[in-house]
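Chain naming here is simple, since letters A, B, ... match the order of the sequence lines and numbering starts at 1 in each. Side chains included, hydrogens not; waters and symmetry mates left out as well; all remaining heavy atoms used.
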Amino acid sequence: MEKGMISVDKWSEESQVYFLTHLHSDHTKGLSSKWSKGPLLCSSITAKLFPTKFPDFDLSFLQVLDIGSSYSLSLVSPTTGLEISFQVTTIDADHCPGAVMYLFRGEFGCILYTGDFRWEATSEKALLGKSMLIKALGGDKIDFLYLDNTYCNPSYSFPPREVTARQVVNIIASHPQHDVIIAINTLGKEDLLIHISRALSIKIWVWPERLQTMHLLGFHDIFTTKTSLTRVRAVPFYSFSINTLEELNTMRPTIGIMPSGLPWLVRPVDERDYSLGLSLPIFQHTTKCQETEESSSLRKFHQYIYTVPYSDHSCFDEIKEFIKLVCPLSIKGIVSSSSCSIDPLYYLSHLCGPNQVIEQTTKKFRTRKVDESLEEKHVKVVKSIAVEFKKEKNMNVGCLSVRRSRVSVLRRFRRGAKIVERSGVD
DNA sequence: GCGATCAGCT
DNA sequence: CACAGCTGATCGC
């Protein structure tokens, strides 16, 4: 595709239409409430959550695409002035609420932009995503794949999230007298928290903004902001640290659980844990980790901290399966990372035949882009999208009341929140 | 004073 | 390392 047509998760360049895969910050960098460049297309859940992140955003720019549906769009070539039609299909990415992949099909060929995604063979959602993708492809191969290569290295290997969720429940259940804090971000890991809540019949504390997000997502009974109602609290990653845990433990016995795919990448070079000065034996995680849930990855990172391999990105084997399925002619990673900077896709070049082109990932690109395409002018998005969009827009307006002073209030609150955590334990 | 950007730190 | 993302400093308007 030529430039000036489409952008995905990239907001700096001029395009006729912009696609957003999900609301994590590294995909919205450059977006702001003052947006006026053009229509922004996303899933309905992303649209619903949008105002929490961009309070003053002009919602008339948002257009909702149903997951699993295909839409026809026409743009105009910047160079020829000719109208160019193409199809876009939205596929569940199973990464965080609202996260989608976009499949574009037109005279430019077949382009798949995964955004961040998890490809678990065992999850119902992934199976659904798989069937959506197969159906949308209709037997065709992908010409160009923009791939979430976060863990695109054979050393990254972890079990399905369902397995890890049971491990987490076991950890909590085996510390009946402890408070528990779990590190999460502003979006994602909801399924883990819900699993814990159901398995242990316990509510989960979250900070007020997160509760609002939970309510927007339709979870009304599981989460609370009252510390007195539960011993399990989900806190932002940035307020989760060894220091926090040590301070908490001066008040009350508390363990921390850090769900992440990251620490599992490491093939420890020696017996020492990272830079934490720990003396615990390192647990070498092996994916085929059929070792049972209890015994296996109870890996202590620190006296009070358990890290568990709960990842919203695909592990290496899942990426491999994904690539085998879509057989791309060429691939480009959308995530830069120094641990993979050599060329993570090197590991996958054998999967789709000799003609495959693997683009080298370059160092510091956090943006994921697809600003290519063929033509330009105004965008004619299908009518039904606009109609659907209006519905969502009304819902949003009804649910939110975000103010300007939000940031400072929030910051102060969060400082307060930590104190609450500490004093709320008695 | 505000927004955008960046360094620093989990 | 860094999944994501807050905090605080600085700069330009």
Scan A/S311 against the nucleic acid and name what it touches under 4.0 Å (heavy atoms): base, sugar-phosphate only, or nothing. nothing
What is the distance, to the nearest angstrom, from the CE atom on A/M258 to the P atom on C/dC1? 14 Å
Please name the residue in the list A/I67, A/V100, A/L103 that meets the side-chain contact (heavy atoms from CB on, under 4.5 Å) test with A/I91. A/L103
Pairs under 3.5 Å (N/O, protein and nucleotides 6-10 of chain B):
residue : atom : partner : partner atom : Å
B/dT10  : O3'  : A/F240  : O            : 3.2

May I ask you to evaluate whether A/S32 reaches the phosphate of B/dG3, defined as a side-chain N or O under 4.0 Å from OP1 or OP2? no
Side-chain contact check for A/N185: nearest option of C/dA4, C/dC3, B/dG3 is C/dA4
What is the distance, to the nearest angstrom, from the CG atom on A/L23 to the P atom on C/dC3? 18 Å
Correct closest heavy-atom pair for A/R118 and A/P160 would be NH2-CA, 3.8 Å
Between atom CG in A/L31 and atom P in B/dG3, what is the gap in whole Å? 16 Å
Hydrogens and angles aside, do A/D9 and A/T21 bring a side-chain donor and acceptor to less than 3.5 Å of each other? yes
Can you check whether A/H313 has a side-chain N or O nearer than 4.0 Å to OP1 or OP2 of C/dA4? yes
Could you state the CZ-P distance from A/F54 to C/dG5, rounded to the nearest angstrom? 11 Å
Is there a side-chain contact between A/S25 and the phosphate of C/dG5, meaning an N or O under 4.0 Å from OP1 or OP2? yes
A/R210/A/E190 salt bridge by N-O under 4.0 Å criterion: yes
For A/S311, enumerate each residue passing the side chain to side chain donor-acceptor pair (under 3.5 Å) test, keeping only those at least two apart in sequence or located in another chain. none
Using side-chain contact (heavy atoms from CB on, under 4.5 Å), reason through A/S36 and A/F61 one step at a time and then give a plain yes or no. CA-CA 8 Å; A/S36 64; A/F61 284 108; 4.0 Å; yes
Distance check needed: C/dC3 P versus A/I184 CD1, whole Å only. 18 Å
Closest to the side chain of A/K34, out of C/dA4, B/dA4, C/dC3, is B/dA4
Whole angstroms only, please: what is the CD1-C1' distance between A/I319 and C/dC3? 13 Å
When rounded to whole Å, the CG to P distance for the pair A/D148 and C/dC3 reads 10 Å
Check: A/Y18 ring centre within less than 6.0 Å of A/W35 ring centre: yes
Measure CZ/A/F316 against P/C/dC1 and give the value in whole Å, please. 22 Å
Distance between the P atoms of B/dA7 and C/dC1, in whole angstroms? 15 Å
